[in-house]
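Before any comments, here is the structure.
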Amino acid sequence: MKQAKYGLLLFVFLALPPVVNILESIMIIHMHMQMPLLIIAGVLMAKFFLQRYPKFFETWNQNGIPGILLFLVILLYWMIPRTMDEALTLTSVEVFKFISLPFLAGVPLRDSWRKLGSFKRNILFIVITIMSFALGLLYVKSPVQLCNNYLLIEQITLGWGYLTMAICLVIYLLYISFTDQSAYE
Amino acid sequence: MKKHRNSLGIVVVLLFGFTLFYFGTDGFTAYTAETARVNQLKEDQPKFPIVTLEDSNQRVYPFSEFQNKYVLVTFIYTTCTTVCIDLEMNMSEVYKRIPEAYIGEEIVFLSISFDPTVDDPAKLDMYKNFFESDGETWRMARIENQAELDLLLDEFGVIVIPDDYGNYAHNSAFYLVDKEGSLIDVMDYKDIEGSASKIITILNKEVGA
């Protein structure tokens, strides 16, 4: 239960207005730090929900697929340029961000992760790699400013952030496909 | 039974995802806040607020000066080295395509600076020459009162973000204001032909009526 408490603590910390302001003032930090941290807070807090309502997760997320799909839906939603803009200008969207990322992405991710075999996990990695590449190219190559609240240069920085992440994921995928994982276990 | 619920879970998640994306993008039409903003403006048709303009000829007047004329508005600042130049270049192309009889009579062109501390009338006067603006049927003006300027930018959804080097990032478009001072269209400034023909159609209808 300690984990869930740390998760809650992280969540509350991230929701503090000054912290929100700092993290959202720079585009790449907004997207590559605040949002992942919210998911991590959810992953940590998931322990509480999994212990409290094991039956729910057992019946509705038996093989982990519904949960991981929900995780991907939420992830994809926050990759639309508009949603990031509106999180800054509309309170309702901002509130939805703080609810959806931890509870609709982080919690199901944890439950699904342990249910997915290594094959499905790798598919998930590949999907995320493709998404990162696509978004990286979109943000770097787009001639127009996609988000009204950030400068073009920040958009390009974010694009390179995505490309870097995608490259790292590719290295990881190559690594696991050319090494025998069972030898290390 | 459990297997069944699991599949149902997948369906529910996909439906939820569809609904979320549908409402998040106004029925798959607006993926950026800018598109959403323009769609919203066209629907709302906000009134041009009461502001005082000071133009390149040092004349000071309210926006109601243009009553009974259409006004094509752009927002600029003269030290801009990027998009404003394209924007004003394209504005001059549109200007050239409007039949001469309408110019000044039915429609007036107006470039408004959102950097009033730098862009005084002298500066605007120099700037207008780059684009062959005559300062009369195509005016360049600033709004000195910051509160009035902010009100206008807010009403028309113009977002201006200063960077640390005296430059600004801002969204650009042609804003068409009708004779009663309502914003009736926000047009893509890169589409010269489309914008010009749209304006000509509106003016033709006006004169014919």
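Letters go in sequence order (proteins before strands), and every chain restarts at 1.
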message = Would you say that A/Ile80 contacts B/Phe21 through its side chain, given a criterion of any heavy-atom pair below 4.5 Å between the two side chains?
response = yes
Please determine whether a side-chain nitrogen of the Lys or Arg among B/Asp26 and A/Arg82 lies less than 4.0 Å from a carboxylate oxygen of the Asp or Glu. yes
Whatever's closer than 4.5 Å to a heavy atom in chain B on A/Phe96 counts as side chain
Does B/Leu8 reach the side chain of A/Trp60, with side-chain heavy atoms less than 4.5 Å apart? yes
Can you find a pair of side-chain heavy atoms, one from A/Asp85 and one from B/Thr32, that are under 4.5 Å apart? no
- Query: Around A/Tyr6, counting heavy atoms of other residues, nucleotides and ligands shown, do more than 12 lie under 6.0 Å from its OH?
  - Reply: no
task: Verify the neighbour count for atom CZ of A/Arg52: are there more than 12 heavy atoms of other residues, nucleotides or ligands below 6.0 Å?
output: no
- Message: Please determine whether the number of non-hydrogen atoms from other residues, nucleotides or ligands lying under 6.0 Å from atom CZ of B/Phe28 exceeds 12.
- Response: yes
Applying a strict 4.5 Å limit to non-hydrogen atoms, the region of A/Ile153 in contact with chain B is neither
All heavy atoms of B/Gly9 vs all of A/Pro66, minimum pair found to be C-CB, 3.9 Å
One option among B/Val12, B/Thr25, B/Val13 has the most heavy-atom pairs under 4.5 Å with chain A, and it is B/Val13
*Hey, are the side chains of A/Ile74 and B/Leu20 touching, using non-hydrogen atoms and a 4.5 Å cut-off?*
yes
Greatest number of non-hydrogen atom pairs under 4.5 angstrom with chain B, of A/Asn61, A/Leu72, A/Asn63, falls to A/Asn63
Over 12 non-hydrogen atoms of neighbours within 6.0 angstrom of CD in B/Glu132 = no
Turns out that what part of B/Phe16 lies under 4.5 Å from chain A's heavy atoms comes down to side chain
*If you draw a 6.0 Å radius around CD1 in B/Ile50, do more than 12 non-hydrogen atoms from other residues or ligands fall strictly inside?*
no
Highest number of heavy-atom pairs under 4.5 Å with chain B among A/Pro108, A/Pro81, A/Gly64 belongs to A/Pro81
Practice item. Step through the shown structure and confirm whether more than 12 heavy atoms of other residues, nucleotides or ligands are within 6.0 Å of NZ on A/Lys5. Key: no
| message | For B/Tyr61, I'd like to know if atom OH has over 12 heavy atoms of other residues, nucleotides or ligands within 6.0 Å. | response | yes
The interface call for A/Leu152 against chain B, heavy-atom contacts under 4.5 Å, is neither
Applying a strict 4.5 Å limit to non-hydrogen atoms, the region of B/Thr35 in contact with chain A is neither
